[in-house]
Amino acid sequence: MTKQELRKRYLQKRADLSEAEYVHLNFLVYQQFFSGIDLSLIKVLHTFLPIAAKREVDTGLIVERLRREFPHIRIVIPKAQLLTHTLEHFYFEGPHQLVTNAWGVPEPNQGIPAEPEKIDLVLVPLLAYDKTGHRLGYGKGFYDRFLKQCNPTCVKVGLSLFQAEEKLEGTTELDVRLDKCVSPEGIISF
Ligand code: ADP
Ligand code: MG
């Protein structure tokens, strides 16, 4: 299956989830994340903020608990540059900082910029992933460009409501691989 065909399939899989399934699968991902990801050395954590209508993993649950129980971890969120397909990054201060962009993504409208080299762990959005850690995004390469700028020691953690594909086809050396992926069933390390 080509990248484009697989994107279509996974968008459909998401759309087919009932609201109750979506809420339940999100909760399992949230639980797996906190029971299986070592946060002890993490000082700066980058996360996407989800488009709920697109059934992305609801990182809001994770962010709330991080802010409550891990107040020493600084949270960074992206702002998309739609023309260049690149991301800018800002330290997250709270909901007051957010506005919804043209694609329905909540983003910071101002804040203190964060350098990719400072980030210890990135929560990576995806449509599909495989058993070797290859990842399929929405098709614009935003995260491939961003993850390339991070330190080699930065832990790249995919979040998915679904299981891994056996092998993604058509990946290239520009596709940055994940180190781990959290799904409702558990965490795979690649
Ligand atoms: P996605 O990762 O969102 O699924 P693709 O991997 O298909 O999307 O990448 C989308 C486009 O972005 C491709 O044309 C790809 O070559 C380009 N791209 C990916 N990473 C980079 C990069 N580091 N520098 C420049 N172009 C890139
Ligand atoms: Mg890619």
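Counting starts at 1 for both ligands and their atoms, in listed order.
Of all the heavy atoms in Asp38 and Ser40, the pair that sits closest is OD1-OG, 2.7 Å. Taking each heavy atom of Arg55 and Leu17 in turn, the nearest pair found is NH1-O, 2.5 Å.
Ion pair Asp179/Lys156 flagged as a salt bridge, since at least one NZ, NE, NH1 or NH2 atom sits closer than 4.0 Å to an Asp/Glu carboxylate oxygen.
Close approach of ligand 1 to Lys3 is summarised as follows: ligand atoms under 4.0 Å from at least one heavy atom of the residue are 5 (P), 6 (O), 7 (O). Near Asp144, meaning under 4.0 Å from any of its heavy atoms, are these atoms of ligand 1: 2 (O), 6 (O), 19 (C), 20 (N). Within ligand 1, counting atoms from 1 as listed, the ones closer than 4.0 Å to a heavy atom of Asp175 are 2 (O), 6 (O).
Glu117 and Gln149 share no donor-acceptor pair across their side chains, judged by distance under 3.5 Å alone. Judged purely by distance below 3.5 Å, without hydrogens or angles, the side chains of Arg7 and Gln4 pair a donor atom with an acceptor atom. Side-chain atoms of Tyr10 and Glu165 include a donor-acceptor pair closer than 3.5 Å.
Residue-to-ligand polar distances keep Phe142 apart from ligand 1: every N/O pair is separated by 3.5 Å or more. At least one N or O atom of Gly141, backbone or side chain, sits closer than 3.5 Å to an N or O atom of ligand 1.
Closest N/O/S atom of Asp144 to the Mg ion (ligand 2): OD2. In terms of distance to the Mg ion (ligand 2), the nearest N, O or S atom of Asp175 is named OD1.
Checking atom 2 (O) of ligand 1 against the protein gives a heavy-atom contact under 4.0 Å.
Here Arg7 has side-chain heavy atoms under 4.0 Å from ligand 1, and that is the only part of it that gets that close. Looking at Leu127 against ligand 1, nothing comes within 4.0 Å, counting heavy atoms.
Among protein heavy atoms, the minimum distance from atom 16 (O) of ligand 1 is reached at Leu174 CD1, 3.3 Å. The closest protein non-hydrogen atom to atom 25 (C) of ligand 1 is Arg145 NE, 3.8 Å.
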